Amino acid sequence: MSTQIMQILHEKFAYSSFRTGQREAIESVLDKKDTLVMLPTGSGKSLCYQLPTYLTDGVTLIISPLLSLMQDQVEQLHLRGEKRAVALNSLTSFSERKRIFRQIKQYKFIYTSPEMLQNQQVLEVLKKAHIQLFVVDEAHCISHWGTDFRPDYLALANIRKSLGSPTTMALTATATKQVRDEIIHFLGLDIKETNQIIESVDRKEIKFFVEICEGNKNEKLIEIVKKMTGAGIIYFTSKKMADEWANNLSNEYGLRASSYHSDLEADDKIKIQQQFLNNDLQIICATSAFGMGFNKKDIRFIIHYHLPSSPEMYLQEVGRASRDGKLGLAILLYQPGDEYIQQRFIETSLPSKEILTAVYKRKQTQLSESDAMVKLAYYFKETSINLNDALQAIEKRKKIKYQQLSFMMQYVYQEDCKRSYLLNYFCENKKSSLNECCSSCGLDQEELIAKLNKMTQSYKEEEARKRVLPWKEVYNNLYNNL
DNA sequence: CGTCGTACCCCTACGGGTACGACGGTGCCGTAGT
């Protein structure tokens with residue numbers, strides 16, 4: 001088996017060795033063990049399910065949170081010469097869907113959404129397909145989004161069961177012990193039998209800073225951004241602010257900036273990502289909509305204008321910097337009162353007592369079942385025998401969210417090592433004694449920025465060296481100079 | 001918290017001031033209607 005694995009790695013993926021965790025994950029599912037894999041972003045998680053797919057009969061079903069992610073993965077497989085990959089979602093045309101249904105058994109990789117699996121026709125077809133590996137990509141979404149605004153994520157255990165309980169693999173980059181337990185729970189896996197492959201969430205190359213502002217946050221943001229020459233993301237908690245700042249930075253300060261949030265059309269999202277990748281844009285002013293599945297190697301700074309909802313969110317967003325393994329800067333700008341937005345989100349994102357009561361009393365006339373909040377209420381109804389239990393469960397959820405928020409507040413005011421504090425949340429200890437670690441460890445921001453800018457400069461020079469003039473251009477230049 | 005929209009007031013006319021309340025974020029799918 002071992003030589004077979006290496007052979008596939010070489011032939012299909014053109015790699016000669018594995019990165020940390022990959023081999024273990026692959027061997028685990030080949031051994032038919034349900035597996036939870038937590039590897040840092042950009043460490044090749046898709047290989048963990050793609051490779052074993054080639055060593056088994058049958059189909060691998062991948063549940064993915066975003067349409068763009070599905071399209072991306074399918075495209076990459078196609079480019080690698082794997083034609084037996086397909087995405088089954090709302091973008092699939094009726095005729096295409098019919099064709100997929102007809103030849104379902106011929107595919108090796110089927111990508112779909114949790115919502116799509118609620119469609120009985122889709123499920124019936126998949127039942128016939130002999131799914132041998134059930135994969136949940138970005139599995140923290142089960143816990144984060146499922147319990148929040150995409151309740152269909154919570155139905156995956158039943159789906160999995162009705163597909164004959166295939167070997168299951170959940171992949172994520174950041175999940176606390178609690179979130180990992182929830183993933184296992186909502187997939188209907190046995191916690192003792194599930195093999196967990198966990199790597200550290202620490203990204204040593206990213207340096208943490210917190211700036212506590214007293215009414216001068218805007219000036220502070222400008223001050224920092226003006227110094228930066230490399231690529232960066234500024235995260236906001238409001239779409240409007242993201243738009244305003246993107247305009248402000250480009251019109252007033254001549255920076256190449258654009259905003260990114262859920263109001264954008266899919267085409268524009270792709271366009272902006274592409275421009276950022278090509279360094280046609282230097283700065284993205286984004287809401288939390290930006291980043292999942294996005295892989296730009298040389299992002300040098302991540303600034304948070306608003307307070308993130310949790311340490312997980314913060315590490316996810318910050319983790320988009322420094323994929324090249326070189327230095328990166330993470331700055332959180334905090335102004336007293338910033339936590340109120342998050343508090344409001346907590347208070348309004350769970351079903352109210354009124355909705356819950358209506359659901360329990362089946363007063364369906366006033367309820368639209370497509371409403372995520374109502375669906376979530378139904379979920380609480382299914383899992384709690386009576387209304388009081390459900391209300392208590394909701395209170396418990398709220399409490400967890402408040403704990404996460406208060407952890408971020410403590411992070412802001414933490415005078416000891418910021419990194420250690422974040423790692424503690426993930427039950428990890430800071431391994432090496434990093435002197436150059438964070439603002440609490442006495443790291444100098446100016447010096448770091450100078451280093452980052454130097455790095456960006458050498459990147460640009462390298463790119464310029466690589467850029468050899470195409471012969472046509474050379475010819476035209478010569479011709480024009482005659 | 002900060003911002004923005006709306007209702008209301010004043011009391012006669014269209015407009016300015018203010019007080020109060022609402023809102024801020026993440027994505028699938030399907031269906032109605034163009």
Side-chain angles (χ1 to χ4, degrees), chain A residues 62-71 87-94 97 111-123 136-138 140-156 159 174 212-218 233-245 259-266 269 285-294 304-310 312-314 316-317 320 333-350 352 368-376 401 404-405 408-409 412:
Chain A
I62 305 105
I63 291 107
S64 168
L66 300 179
L67 299 175
S68 60
L69 234 63
M70 296 180 214
Q71 307 302 103
L88 187 56
N89 54 42
S90 60
L91 302 177
T92 318
S93 70
F94 183 70
R97 194 190 280 207
Y111 288 83
T112 195
S113 66
E115 286 82 3
M116 205 50 155
L117 293 172
Q118 290 300 305
N119 180 316
Q120 282 310 307
Q121 195 193 1
V122 170
L123 192 62
V136 184
D137 198 11
E138 308 285 358
H140 56 276
C141 290
I142 295 175
S143 158
H144 291 174
W145 287 1
T147 58
D148 206 341
F149 69 104
R150 289 182 71 178
D152 291 326
Y153 257 112
L154 305 182
L156 287 180
I159 300 286
T174 34
I212 296 174
C213 311
E214 301 287 347
N216 60 341
K217 191 155 69 168
N218 294 352
I233 307 171
I234 309 172
Y235 275 104
F236 298 86
T237 308
S238 118
K239 294 184 260 195
K240 211 174 142 197
M241 290 284 259
D243 282 337
E244 278 174 15
W245 271 98
S259 63
Y260 187 107
H261 51 67
S262 66
D263 284 352
L264 296 184
E265 300 289 328
K269 283 186 181 169
C285 298
T287 61
S288 57
F290 185 78
M292 204 186 271
F294 182 73
H304 279 75
Y305 184 89
H306 288 130
L307 196 67
S309 59
S310 68
E312 284 113 301
M313 272 306 276
Y314 190 54
Q316 282 259 343
E317 290 172 350
R320 280 156 200 152
L333 302 178
Y334 173 78
Q335 196 157 284
D338 281 354
E339 62 277 17
Y340 280 88
I341 300 179
Q342 292 298 344
Q343 280 187 24
R344 262 201 68 82
F345 286 157
I346 296 173
E347 289 300 331
T348 55
S349 64
L350 285 160
S352 64
S368 143
E369 287 204 37
S370 58
D371 186 341
M373 190 73 87
V374 176
K375 266 193 174 177
L376 199 55
K401 289 185 177 205
Q404 292 172 328
L405 183 58
M408 283 313 296
M409 292 295 293
V412 166

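Computed over heavy atoms, backbone and side chain alike; hydrogens, waters and symmetry mates excluded. Reminder, nothing fancy here: chain letters follow the sequence lines and each chain counts from 1. Keep in mind the model is a prediction, meaning the values are calculated, not measured.
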query = Atom CD of A:Glu244 to atom C1' of B:dG2: distance rounded to whole Å?
reply = 11 Å

query = Whole-Å distance between B:dC4 P and A:Asp243 CG?
reply = 13 Å

Taking only N/O atoms, report every protein-nucleotides 27-30 of chain B pair under 3.5 Å with atom names and distance.
unit_1: B:dC28; atom_1: OP1; unit_2: A:Leu67; atom_2: N; d: 2.8
unit_1: B:dC28; atom_1: O3'; unit_2: A:Ser113; atom_2: OG; d: 3.3
unit_1: B:dC29; atom_1: OP1; unit_2: A:Ser90; atom_2: N; d: 3.1
unit_1: B:dC29; atom_1: OP1; unit_2: A:Ser113; atom_2: OG; d: 3.2
unit_1: B:dC29; atom_1: OP2; unit_2: A:Ser90; atom_2: N; d: 3.3
unit_1: B:dC29; atom_1: OP2; unit_2: A:Ser90; atom_2: OG; d: 2.2
unit_1: B:dG30; atom_1: OP1; unit_2: A:Asn119; atom_2: ND2; d: 3.3

remark   = Against the side chain of A:Asp148, the closest entry in B:dG24, B:dC1, B:dT26 is B:dT26

inquiry  = Can you confirm whether A:Glu339 sits close enough to A:Tyr334 that some side-chain heavy atom of one is under 4.5 Å from a side-chain heavy atom of the other?
reply    = yes

inquiry  = Say we look at B:dG16 and B:dC11: how far apart would their C1' atoms be, to the nearest angstrom?
reply    = 14 Å

ask   = OH of A:Tyr305 versus C1' of B:dG24: gap in Å, rounded?
value = 13 Å

message = Can you check the distance between B:dC14 and B:dC10, where both ends of the measurement are the C1' atom (answer in whole Å)?
response = 12 Å

inquiry  = Between P on B:dC23 and CG on A:Asp263, what's the gap in Å once rounded to a whole number?
reply    = 16 Å

Short side-chain N/O contact to B:dC4 OP1/OP2 from A:Lys240, under 4.0 Å = yes

request  = Would you check if A:Lys217 and A:Asp338 make a side-chain contact, meaning some heavy-atom pair closer than 4.5 Å?
outcome  = yes

ask   = Given atom CD of A:Gln343 and atom P of B:dG2, what is their separation to the nearest angstrom?
value = 14 Å

task = Whole angstrom is fine here: how far is it from CG in A:Asp338 over to C1' in B:dG2?
result = 10 Å

remark   = Closest to the 5' end of DNA chain B, once A:Gln335 and A:Ser349 are matched to their nearest nucleotides, is A:Gln335

key: Short side-chain to backbone donor-acceptor contact, A:Arg150 and A:Pro114, under 3.5 Å   = no

key: Dot-bracket summary - DNA chain B, pairs being Watson-Crick or G-U whose distances fall under 3.5 Å, with | when paired to another strand   = ((((((((((....))))))))))..........

request  = List for me each residue that meets side chain to side chain contact (heavy atoms under 4.5 Å, CB included) alongside A:Glu214, sequence neighbours excluded, and say none if there are none.
outcome  = A:Ile212, A:Pro336

For A:Asn89, side chain to side chain contact (heavy atoms under 4.5 Å, CB included) partners two or more places apart = A:Leu67, A:Met70, A:Gln71, A:Ala87, A:Leu91, A:Thr92

ask   = For the side chain of A:Glu138 and the backbone of A:Met292, is there at least one donor-acceptor N/O pair under 3.5 Å apart?
value = no

query = When rounded to the nearest Å, what value does the distance between P atoms of B:dT26 and B:dG21 take?
reply = 28 Å

request  = Could you check A:Ser310, A:Ser309, A:Ser349 and say which one makes a side chain to side chain donor-acceptor pair (under 3.5 Å) with A:Lys401?
outcome  = A:Ser349

C1' atoms of B:dG24 and B:dC28, separation to the nearest Å = 22 Å

task = Locate the shortest heavy-atom distance separating A:Ile142 from A:Val136; write the atom from each residue and the value.
result = CD1-CG1, 3.9 Å

task = Take the protein atom NZ of A:Lys217 and the nucleotide atom C1' of B:dT3, then report the distance between them rounded to whole Å.
result = 14 Å

task = Using the test side chain to side chain contact (heavy atoms under 4.5 Å, CB included), find all partners of A:Ala289 that sit at least two apart in sequence or belong to another chain.
result = A:Tyr260, A:Thr287

task = Using atom CG of A:Leu307 as one end and atom P of B:dT26 as the other, report the distance to the nearest whole Å.
result = 17 Å

task = Under the ring pair (Phe, Tyr, Trp, His ring centres under 6.0 Å) rule, collect the residues that match up with A:Phe345, sequence neighbours excluded.
result = none

ask   = Considering only the P atoms, how many Å lie between B:dG27 and B:dT31, rounded to the nearest integer?
value = 22 Å

